[in-house]
Amino acid sequence: MPTFEYAPAPESRAVVTIEKSYGLFIDGTFTRPKALFDTINPADESVLAQVTQAGPRDVDKAVAAARRAFDGEWGALSGAERGKYLFRIARILQERAREFAVLETLDNGKPIKETRDVDVPVAAAHFFYHAGWADKLEHAGLTPSGGPLPRPHGVVAQVIPWNFPLLMLAWKIAPALATGNTVVLKPAETTPLSALLFAQVCQQAGLPAGVVNILTGDGRTGQALVEHPDVDKIAFTGSTEVGKAIARSIAGTTKKATLELGGKAANVVFDDAPIDQAIEGIVNGIFFNQGQVCCAGSRLLVQENVHDQVVAKLKRRLETLRVGDPLDKNSDLGAINSRAQLERITRLVDIGVAQGAQRWSPECSLPATGFWFPPTVLTGVAQTHRVATEEIFGPVLSVLTFRTPAEAVAKANNTPYGLSAGVWTEKGSRILWMADQLKAGVVWANTFNRFDPTSPFGGYKESGYGREGGRQGLAAYVTTSPRTPSSTTGDTR
Ligand code: TAP
């Protein structure tokens, strides 16, 4: 059994055990590994482990296990008892935080300071937050007073992407369990390891068998799962293209769905903004997680009279970023998650240059192996350029200008997406006006990329529908429709 030892300092050594191969987590146990594929470290292309490609029969078994748990032990539990399991999981995530941080960095390529300070603690926070809701759902305002009690849907299929593997898992599993559902989750093909470690956490927490099932595999597994006839609800995070395919596949069925899809956020900087603070927000907005963030501030809209000042300061700041070994706690940017993603970023940037944008990157020497892309700024971008309209999902900032607030709003909203936006200004009244005008699910003011389990997250237009997080996020996991004669379990007592 290979182990990986991470020792930034002798006193903080973390040992991560990575199995040679992994089976699926179905009905509380791991199956025998079969139909294996590699999961690699994108920072050096070494094979970390082999995982199982789940087929339709595995999907059947996992959904059946989730159904038995829902109709049986889990469905009969009170909200307070469910909450105890969520608290237990949250505490184990904290106890094993270093292990999760190192594993996630190895499998995903993101810098250890992000997995250590954001992904893992925020994932634990989601379990703590939802643990608190489990016995208070009737007070969540999900139904009019005197209306029927909110009830779980049943078996939930959850499909997540590779950019925040553990965090997206927590966003999905915590509210589903708090509301009394059972889960079959498929992590992304390139980042399955933290979900498999989470399966061990479920065992450690004594979670009843079948409540959480983890199926590794590629898009075919995801498709078989969401199309399974005994799934009651789908929670999907990923590309708009796949989101649309899922919406089409469930049309005419009784399945419910929440879709968290792509984005092309505008980060709007007015001339009265605290410029140095805005520079930090711009950098965090687009270079956090190598820009592989659905809500990344990938379009910088800067007021024309401060454009040169902002771009000059931004370039000076980017000279200080360190790109390299994701396990080095001083690295600001790590590796791109996969060769396919690197090729997509490279292709779109080349198209941007061909269409007339000027490309700039700070001097940085990139490792010879692995998937790397330097932090990049594209200036002279026009609204019609593809780098201004398409999601690049990489460390690439497209800079556009505006003269008036109305023009800023028009340009910011000129996208099929509507996930997030940022506003930088000293004027409180302008912040409120902009928040009202921008068609985005989340609007940050004088900050960017802040996440909290109490705050709902989700999009408009082609960024999807439904919310995750906060009281609103619970609504996606319950029904208030009258009971059918057979739906006698799953009370949220
Ligand atoms: P996708 O290709 O859409 O993949 C997302 C997940 O769906 C993966 O687990 C994938 O499996 C699976 N999948 C692929 N085809 C499927 C199908 N036909 N039916 C069901 N599942 C299928 O996206 P990605 O490249 O992993 O992630 C990047 C995208 O996700 C970006 O557009 C980004 O904006 C979006 N994203 C959105 C959010 C929110 S909250 N809105 C958060 C993170 C990412 P494989 O991995 O094996 O292909």
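Whatever order the structure lists them in is the order used to number ligands and atoms, beginning at 1. In this chain, residues are counted from 1 in sequence order.
Closest protein heavy atom to atom 35 (C) of ligand 1: G238 O, 3.0 Å. The closest protein non-hydrogen atom to atom 8 (C) of ligand 1 is I160 O, 3.4 Å. From the protein, the heavy atom lying nearest to atom 34 (O) of ligand 1 is E391 OE2, 2.5 Å. In terms of protein heavy atoms, atom 11 (O) of ligand 1 is closest to K186 NZ, 3.1 Å.
The side-chain hydrogen bond (donor to acceptor under 3.5 Å, both in side chains) with K172 is formed by just one residue from the set E468, E260, H126, Q158; it is E468.
Listed by chain and residue number, K113 satisfy the side chain to side chain donor-acceptor pair (under 3.5 Å) test with D332 (two or more places apart in sequence, or in another chain).
No more than 12 heavy atoms of other residues, nucleotides or ligands sit less than 6.0 Å from atom NZ of K439.
Polar contact with ligand 1: absent for T240 (N/O pair, distance under 3.5 Å). Residue W162 has at least one N or O atom closer than 3.5 Å to an N or O atom of ligand 1. At under 3.5 Å, not a single nitrogen or oxygen of F393, backbone or side chain, sits near a nitrogen or oxygen of ligand 1. At least one N or O atom of L261 sits closer than 3.5 Å to an N or O atom of ligand 1. Annotation: V242 places no N or O atom under 3.5 Å from an N or O atom of ligand 1; distance criterion only.
Counting the atoms of ligand 1 from 1 in the order shown, those under 4.0 Å from a heavy atom of E189 are 45 (P), 46 (O), 47 (O). Each of the atoms 6 (C), 7 (O), 9 (O), 12 (C), 21 (N) of ligand 1 lies under 4.0 Å from some heavy atom of V159. Which parts of ligand 1 touch L419 is read off a 4.0 Å heavy-atom cut-off, strictly below it: atoms 41 (N). Less than 4.0 angstrom separates some heavy atom of P161 from each of these atoms of ligand 1: 26 (O), 27 (O), 43 (C), 44 (C). Which parts of ligand 1 touch T237 is read off a 4.0 Å heavy-atom cut-off, strictly below it: atoms 5 (C), 36 (N), 37 (C), 38 (C), 39 (C), 40 (S), 42 (C), 43 (C), 44 (C). The N163 neighbourhood of ligand 1 comprises atoms 43 (C), 44 (C), with distances under 4.0 Å to a heavy atom of that residue. Of all the atoms in ligand 1, the ones that sit under 4.0 Å from a non-hydrogen atom of F457 are 40 (S). Short contacts between ligand 1 and G217, defined as distances under 4.0 Å to a heavy atom of the residue, involve ligand atoms 47 (O).
Rounding to the nearest 0.5 Å gives a distance of 6.0 Å between CZ of F288 and CG of N449.
A donor and an acceptor atom, one from each side chain of E104 and S194, are located under 3.5 Å apart. Of the N and O atoms on the side chains of T479 and K256, not one donor lies less than 3.5 Å from an acceptor on the other residue. Between D107 and T39, the side chains place a donor N or O and an acceptor N or O closer than 3.5 Å (distance only, hydrogens not considered). At a cut-off of 3.5 Å, with distance as the only test, no side-chain donor of S338 or T190 sits close to an acceptor on the other residue.
Considering S239, G222, G219 only, the shortest heavy-atom separation from atom 13 (N) of ligand 1 involves G219. Among C294, S420, G464, the residue whose heavy atom lies closest to atom 42 (C) of ligand 1 is C294.
Note on K186 versus D218: no salt bridge recorded, every NZ/NE/NH1/NH2 to OD/OE distance being 4.0 Å or above. Of the charged side-chain nitrogens involved, none lies within less than 4.0 Å of a carboxylate oxygen, so that K110 and E114 do not count as a salt-bridged pair. The pair R386-D350 fails the salt-bridge criterion, with no side-chain N (NZ, NE, NH1 or NH2) lying under 4.0 Å from an Asp/Glu carboxylate O.
Geometrically, R467 engages Y460 in a cation-pi contact defined by less than 6.0 Å to the ring centre and at most 45° from the axis. At least one test fails for K461 against the ring of Y417: distance under 6.0 Å to the centre or angle within 45° of the axis.
For atom 32 (O) of ligand 1, a protein heavy-atom neighbour is present inside the 4.0 Å cut-off.
Ligand 1 lies out of reach of F164, whose nearest heavy atom is not under 4.0 Å from it.
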